[in-house]
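Hydrogens, waters and symmetry mates are skipped; everything else that's a heavy atom, side chains included, is used.
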Amino acid sequence: MKITLISYGVLALGTYVAFTLAQPAAAQTLEAGDHIVTLHYSALDREDQGVSRDATTAMVSYGYQYTDKLRLLGFFGQSRTDNTFPPDTQTTRTPTFGLGAQYQVGRGGTLTGTILSGDIAEAYTSGGTTTAGDGDTLTATLQYEQVAPLSGRTFVKGLAAASHTNSSFDTSGLSNKTNTNRFTVGAELFHIAGDNWIFTAGLSHTWSNAIITITDKEELNRARLSATYRFTEDFGATLGWTQAFGAEDTHRRLDLSFTHRF
């Protein structure tokens, strides 16, 4: 029997992953020749000590099931950040595209590799003067997931991911290059409720060789809840909420995904 896109066999629809921005197209059980498209939107709200760093991301991801075990991936979208360091402000837009592949390993295992490239455009305003800058960024990510059943309707998933980012940025009188490594481990619990719902709850820990919080920390703990509803066997939506703790006064993310198989 064919496993449909949003059926009991699908355990990872709408799962948020720290690096791959549009995970749903990289996490479904499909047959060779199937296509899957995901529209993903997320809004991140961060604030501490009067400093805010907000971000929104819109991404389209595409997956083609090349063989029973191998899936090819494509990504296209844009992220925007709005930073406030009173009285200064900074806005950054980064159109992004990328490619990737995913391979099924053993029983319940998934190995995913992606490369995302972005063009940075920035406007920094200080003392009434706005300075423009531009640059580029390249991120390579490798991720492994393992799913195991706890019962007929409840499953647990473990995750380990690593990424490396090269970024360069130029503005008037300033040139900056950075190399950043990030690592994430986490676990998530899935429960299938009735014919149309999947609920998840998870925890993750991220650490880096660079500062990743407003409070100058190099690590971050997050909790995430999500709910997925399937409208048909080929179309579903996921709403997720992520909350960081022990990092900043405010650190929360809302994400919404729509996924369709063709």
Side-chain angles (χ1 to χ4, degrees), residues 15-23 26 42 44-49 51-57 59 75 77 79-85 90-102 110-122 124 133-146 158-171 174-188 202-224 242-253 255:
T15 300
Y16 174 78
V17 173
F19 310 118
T20 305
L21 298 178
Q23 169 69 4
S42 69
L44 174 64
D45 179 20
R46 301 170 58 191
E47 190 275 331
D48 197 286
Q49 301 174 12
V51 175
S52 65
R53 295 179 180 174
D54 301 332
T56 57
T57 298
M59 182 72 70
F75 307 92
S79 62
R80 172 186 169 126
T81 60
D82 293 288
N83 302 326
T84 302
F85 319 92
Q90 178 190 46
T91 299
T92 302
R93 292 180 176 84
T94 309
T96 301
F97 66 92
L99 297 172
Q102 183 180 72
T110 304
L111 183 65
T112 304
T114 61
I115 296 178
L116 296 175
S117 178
D119 295 319
I120 305 169
E122 180 191 271
Y124 187 91
D134 60 78
D136 55 77
T137 181
L138 183 68
T139 299
T141 301
L142 187 64
Q143 175 178 296
Y144 180 75
E145 299 176 349
Q146 181 67 48
L159 162 72
S163 76
H164 177 75
T165 299
N166 290 328
S167 296
S168 61
F169 185 80
D170 295 303
T171 187
L174 175 65
S175 180
N176 186 36
K177 294 184 178 181
T178 60
N179 292 291
T180 304
N181 298 317
R182 278 199 181 198
F183 306 92
T184 295
V185 294
E188 196 159 19
L203 296 171
S204 66
H205 176 71
T206 297
W207 68 99
S208 174
N209 66 334
I211 293 172
I212 58 176
T213 72
I214 296 174
T215 51
D216 294 339
K217 294 183 178 180
E218 296 180 356
E219 58 183 348
L220 185 64
N221 296 307
R222 284 174 286 195
R224 185 173 188 274
T242 302
Q243 180 73 50
F245 47 94
E248 298 153 340
D249 288 343
T250 301
H251 188 127
R252 57 201 177 202
R253 182 194 305 269
D255 60 272

Exercise for the section: Given side chain to side chain contact (heavy atoms under 4.5 Å, CB included), test Thr242 with Leu44 step by step and report yes or no. Expected result: CA-CA 9 Å; Thr242 302; Leu44 174 64; over 6 Å; no
Completion exercise
Separation between CG (Asn209) and CH2 (Trp207), nearest 0.5 Å, reads 12.0 Å
Exercise for the section: Sort out for me which residue in Thr81, Ile214, Thr250, Asn83 forms a side chain to side chain contact (heavy atoms under 4.5 Å, CB included) with Arg46. Expected result: Ile214
Problem - Side-chain donor-acceptor pair present, Thr137, Ser167, cut-off under 3.5 Å - result: yes
Practice task
Taking the side chain as every heavy atom from C-beta outward, state whether Gln143 and Leu159 have any pair of such atoms under 4.5 Å apart.
Solution key: yes
Exercise for the section: Decide whether Asp48 and Thr215 meet the rule of one side-chain donor and one side-chain acceptor closer than 3.5 Å. Expected result: no
Exercise for the section: Return yes if some donor-acceptor pair links the side-chain N/O of Gln243 with the main-chain N/O of His251 below 3.5 Å, else return no. Expected result: yes
Completion exercise
To the nearest 0.5 Å, atom CG of Asn179 lies from atom NE2 of His164 at 4.5 Å
Practice task
With the side chain counted from C-beta on, respond yes when Arg53 and Phe85 share a heavy-atom pair under 4.5 Å apart, and no when they do not.
Solution key: yes
Problem - Presence of salt bridge, Asp255 and Arg253, under 4.0 angstrom - result: no
Practice task
State whether the side chain of Lys217 and the backbone N or O of Gly246 hold a donor-acceptor pair below 3.5 Å, judged by distance alone.
Solution key: yes
Practice task
Report yes if the side chains of Glu47 and Glu248 come closer than 4.5 Å at any heavy-atom pair, otherwise no.
Solution key: no
Handout entry: Distance (rounded to the nearest 0.5 Å) between Asp134 CG and Glu122 CD
Key = 9.5 Å
Practice task
Heavy atoms only: give me the nearest Ala210-Glu218 pair and the separation to one decimal.
Solution key: O-CG, 3.4 Å
Handout entry: Interatomic spacing from CG in Leu142 to OG1 in Thr112 - rounded to 0.5 Å
Key = 8.5 Å
Practice task
Specify the closest pair of heavy atoms between Phe183 and Ala162, including all atoms of both residues, with the distance to one decimal.
Solution key: CD2-CB, 3.6 Å
Exercise for the section: Answer yes or no: does atom CD1 of Ile115 have more than 12 heavy-atom neighbours from other residues, nucleotides or ligands under 6.0 Å? Expected result: no
Problem - Steps toward side chain to side chain contact (heavy atoms under 4.5 Å, CB included) verdict (Thr94, Asp119) - result: CA-CA 5 Å; Thr94 309; Asp119 295 319; 5.9 Å; no
Practice task
For residues Ser208 and Asn181, report the shortest heavy-atom separation together with the two atoms involved.
Solution key: OG-O, 2.8 Å
Handout entry: Thr110 side chain reached by Tyr144 side chain, heavy atoms, under 4.5 Å
Key = no
Exercise for the section: For Arg222 and Leu203, run side chain to side chain contact (heavy atoms under 4.5 Å, CB included): C-alpha distance rounded to whole Å, both residues' side-chain angles, the deciding distance at 0.1 Å, then the answer. Expected result: CA-CA 6 Å; Arg222 284 174 286 195; Leu203 296 171; over 6 Å; no
Problem - Pairwise side-chain contact, Leu116 with Phe75, heavy-atom cut-off 4.5 Å (strictly under) - result: yes
Exercise for the section: For Tyr124, look at atom OH and say whether over 12 heavy atoms of other residues, nucleotides or ligands are found less than 6.0 Å away. Expected result: yes
Practice task
Without swapping roles, check the side chain of Thr96 against the backbone of Gly77 for a donor-acceptor pair under 3.5 Å.
Solution key: no
Exercise for the section: Check the pair Thr184 / His205 against side chain to side chain contact (heavy atoms under 4.5 Å, CB included), numbers first and verdict last. Expected result: CA-CA 6 Å; Thr184 295; His205 176 71; over 6 Å; no
Handout entry: Spatial distance of atom CG (Asp54) from atom OG1 (Thr84) [nearest 0.5 Å]
Key = 7.0 Å
Practice task
Indicate yes or no: at least one non-hydrogen side-chain atom of Thr114 is less than 4.5 angstrom from one of Leu99.
Solution key: no
Exercise for the section: State, without any angle test, whether Ser79 and Thr57 hold a side-chain donor-acceptor pair at a distance under 3.5 Å. Expected result: no
Practice task
Nearest 0.5 Å please: distance from the NZ atom of Lys177 over to the OG atom of Ser168.
Solution key: 6.0 Å
